There are 2 protein chains.
Amino acid sequence: MESIESDTDLAGKIEKRISESTIRRLSLYLRALSLLDKKGVKTISSKELASREKLTPAQVRKDLSFFGSFGTRGLGYPVSELRSEIAGILGINRIWKVALFGVGNIGSAMVSYKEFARQGFQIVKLFDNDQRKIGSNHKGIIVSDVSNLEPEIKEAGIEIAIIGVPATVAQYIVDDIVAAGIKAILNFAPINLKVPSDVYLRNENMSMELEYLSFAMVNNHSEKKTKP
Amino acid sequence: MESIESDTDLAGKIEKRISESTIRRLSLYLRALSLLDKKGVKTISSKELASREKLTPAQVRKDLSFFGSFGTRGLGYPVSELRSEIAGILGINRIWKVALFGVGNIGSAMVSYKEFARQGFQIVKLFDNDQRKIGSNHKGIIVSDVSNLEPEIKEAGIEIAIIGVPATVAQYIVDDIVAAGIKAILNFAPINLKVPSDVYLRNENMSMELEYLSFAMVNNHSEKKTKP
DNA sequence: ATCTTTATGTGAAATCGTTCACAATGAAAA
DNA sequence: TTTTCATTGTGAACGATTTCACATAAAGAT
Ligand SMILES: NC(=O)c1ccc[n+]([C@@H]2O[C@H](COP(=O)([O-])OP(=O)(O)OC[C@H]3O[C@@H](n4cnc5c(N)ncnc54)[C@H](O)[C@@H]3O)[C@@H](O)[C@H]2O)c1
Ligand SMILES: NC(=O)c1ccc[n+]([C@@H]2O[C@H](COP(=O)([O-])OP(=O)(O)OC[C@H]3O[C@@H](n4cnc5c(N)ncnc54)[C@H](O)[C@@H]3O)[C@@H](O)[C@H]2O)c1
């Protein structure tokens, strides 16, 4: 439960905790590199990569240096190779099976979004408690009854859950999900969910982003720093 | 364009830049306080408030102290009053008119979400370029043609735009929106949009959150710090 | 082969954000 | 009243992250 594990850790080297900011920036690098790769660009310098994501070249180099030396001095980084290195670091050079809880507005939007599957996040199960939805077909997936989640999750090999149910019931669903062995949760409900310390939880909070915009406008708040 | 403005700044006091983290935590405090207020709780200590959002009491007190003294020593903070103070700081004790661009999966989900309006963000215009959608009624709003956005935005007094169009066209739409005078944008397209420095931009990046979960699982990465 | 140019990788410095620790203060009890 | 108690508000210490600055290395030019 500490730091990073040995598959990105050259033997004997002292491990260093990777900051959340660095990990988030890796996602940005990955997105930029994927685009460049598709365009046929072969190499890119930290300066160019930084400018595409409003970061500094030093930041790019420092972030990457935590994981290894991927560049060539005088030349830059090989686009395609760096792309797959980062995919490997982020753990998305594989398929993650995802289950979605709550096939409502936000849930339906997620299932329809093909980009997730392309990035390795495959939504393979949908759960709801509404009898009108259970049994119906959404993008090729039959909606299951949430009251029977454990065997279905285990059988399908689900490792990530997305929470798209109302805030009032989210904690109950999460308790069941955790009991079923899921270790990663992306939550859209506006509530602070309690999970055991070995379960990873991220919150998607759109109100927070709108409120940030509101604050910025009311206070003429300047972005002082490159933030992923 | 620097720091916070004078309405939260007692005369003569030196202004201090408020960190992004602090602003994001204010949103969390607001959410918790709204809930407590609804439950009829009258006062809350920094300790209790912190525990509800997985933060430290010192953090809560420090965050609030940037904006004033709202508590009573020995007692705590008055829930209802602090709630409206924070709403004032965030600039949401008023109504913001919002326009949504791209009435697709994510766009439809946002229009249907009543909570935004309750928080002061009122979606009053929808824009699309699909002839089948233009003129149709979504939750009481007629979808407008995006090619005629400027007069409609100005007439409606829109100040915030939500971008729910494909990444390939997002920059074009944003250029038009900015030309129409909009100063705040919440973007769902997975692309780094270029905007003038006086336009506030926030990105909602769900892939980033999923990738963070993936990284955490692959690397047994522990949350070391309270992050909003 | 040698030189010039360009750009990486990385300690060290600087900046920024969080936590500590305690004096100050008001509420409640005696 | 006076004392006790709980909890705020805040400088200062600490820790984390970002930026600087340069030695190092490879590519391309001459
Ligand atoms: N729609 C948005 O734009 C938006 C934005 C931000 C956050 N959210 C949050 O996302 C969540 C879902 O929002 P929505 O707009 O999609 O709501 P919704 O009402 O459209 O969908 C909720 C779904 O959850 C299902 N459900 C309810 N109780 C359940 C239970 N006990 N078990 C399983 N399924 C259950 C309902 O049948 C429904 O299909 C909410 O917590 C909301 O606050 C939504
Ligand atoms: N659906 C999701 O869960 C999800 C998740 C993350 C990010 N996103 C991003 O959000 C955006 C929208 O995704 P979606 O799934 O809602 O897509 P979608 O295709 O369902 O919706 C896009 C909408 O934009 C409209 N549009 C296209 N070109 C336009 C133009 N030039 N002007 C105005 N409108 C135009 C289309 O007619 C359509 O209604 C995309 O950038 C996507 O990458 C979506």
Side-chain angles (χ1 to χ4, degrees), chain A residues 2-4 8 10 13-26 28-29 41-51 53-79 81-82 85 221-228, chain B residues 2-4 8 10 13-26 28-29 41-51 53-79 81-82 85 221-228:
Chain A
E2 323 286 344
S3 306
I4 54 167
T8 48
L10 304 181
K13 210 175 149 191
I14 280 96
E15 282 188 13
K16 206 179 173 312
R17 195 185 180 276
I18 304 300
S19 76
E20 171 170 337
S21 304
T22 291
I23 301 164
R24 293 170 63 85
R25 282 191 298 267
L26 289 182
L28 297 181
Y29 304 150
V41 177
K42 292 294 173 231
T43 59
I44 189 163
S45 65
S46 58
K47 198 173 152 209
E48 288 174 273
L49 186 50
S51 79
E53 297 294 340
K54 286 208 277 294
L55 304 167
T56 66
Q59 182 110 76
V60 171
R61 296 200 300 274
K62 181 63 94 180
D63 284 340
L64 295 175
S65 77
F66 294 134
F67 303 97
S69 301
F70 308 111
T72 305
R73 291 171 195 225
L75 236 198
Y77 299 92
V79 169
E81 196 180 308
L82 182 57
E85 287 284 359
H221 194 257
S222 60
E223 297 283 334
K224 204 197 51 61
K225 174 137 313 154
T226 61
K227 275 267 169 156
Chain B
E2 325 286 344
S3 304
I4 53 161
T8 46
L10 303 181
K13 213 173 149 192
I14 280 98
E15 282 187 13
K16 206 177 176 312
R17 195 185 180 277
I18 304 300
S19 77
E20 172 168 339
S21 304
T22 291
I23 301 164
R24 293 170 63 84
R25 283 191 297 267
L26 289 181
L28 297 182
Y29 303 149
V41 177
K42 292 294 173 233
T43 60
I44 190 163
S45 66
S46 59
K47 194 170 157 214
E48 287 174 272
L49 186 49
S51 79
E53 297 294 340
K54 285 207 279 293
L55 304 167
T56 65
Q59 181 108 77
V60 172
R61 295 199 301 274
K62 178 64 93 175
D63 284 340
L64 295 176
S65 78
F66 294 135
F67 302 97
S69 302
F70 308 112
T72 304
R73 291 171 197 227
L75 237 196
Y77 299 92
V79 170
E81 194 181 309
L82 182 59
E85 287 284 358
H221 193 259
S222 62
E223 297 284 336
K224 201 198 51 64
K225 176 134 315 153
T226 62
K227 275 265 170 158

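Chain A is the first sequence line, chain B the second, and so forth, proteins listed ahead of strands; every chain is numbered from 1. Predicted model only: the values in this text are computed from it and were never measured. Atoms considered below: every heavy atom in the structure, side chains included; atoms not considered: hydrogens, waters and symmetry mates.
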Among [options], the nucleotide that comes nearest once only the side chain of [X] is considered:
X	options	value
A:S65	C:dT19, C:dG9, D:dT8	C:dG9
B:K62	C:dT10, D:dT10, D:dA27	D:dT10
B:L75	C:dG9, D:dC20, C:dA27	C:dA27

Length of the [atom1]-[atom2] vector between [X] and [N], whole Å:
X	N	atom1	atom2	value
A:R25	D:dT19	CZ	C1'	12 Å
A:K42	C:dA7	NZ	C1'	20 Å
A:R61	D:dT24	CZ	P	16 Å
B:I18	C:dC16	CD1	C1'	13 Å
B:E85	D:dG9	CD	C1'	16 Å
A:L82	C:dT8	CG	P	11 Å
B:L64	C:dT18	CG	P	14 Å
A:D63	C:dT8	CG	P	13 Å

Would you say the side-chain atoms of [X] pair up with the backbone N or O of [Y], donor to acceptor, closer than 3.5 Å?
X	Y	answer
B:H221	A:S19	no
A:S45	A:E48	yes
A:T72	A:L75	no

Please state whether the phosphate of [N], meaning OP1 or OP2, lies under 4.0 angstrom from any side-chain nitrogen or oxygen of [X].
X	N	result
A:Q59	D:dT17	no
A:Y77	C:dG9	yes
B:R73	C:dA24	no
B:T56	C:dT19	yes

Which sits closer to the 5' end of DNA chain C, B:S19 or A:S46, going by the nucleotide each is nearest to?
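The answer here is A:S46.
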Would B:T43 and B:Y77 satisfy side chain to side chain contact (heavy atoms under 4.5 Å, CB included), going step by step from the backbone distance to the final call?
CA-CA 5 Å; B:T43 60; B:Y77 299 92; over 6 Å; no
With nearest nucleotides of DNA chain D determined for A:G74 and B:K47 from heavy-atom distances, which residue corresponds to the more 5′ nucleotide?
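Comparing both residues, the 5'-ward one is B:K47.
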For A:L26 and A:F66: C-alpha separation, side-chain torsions, deciding distance, then whether side chain to side chain contact (heavy atoms under 4.5 Å, CB included) applies.
CA-CA 11 Å; A:L26 289 182; A:F66 294 134; over 6 Å; no
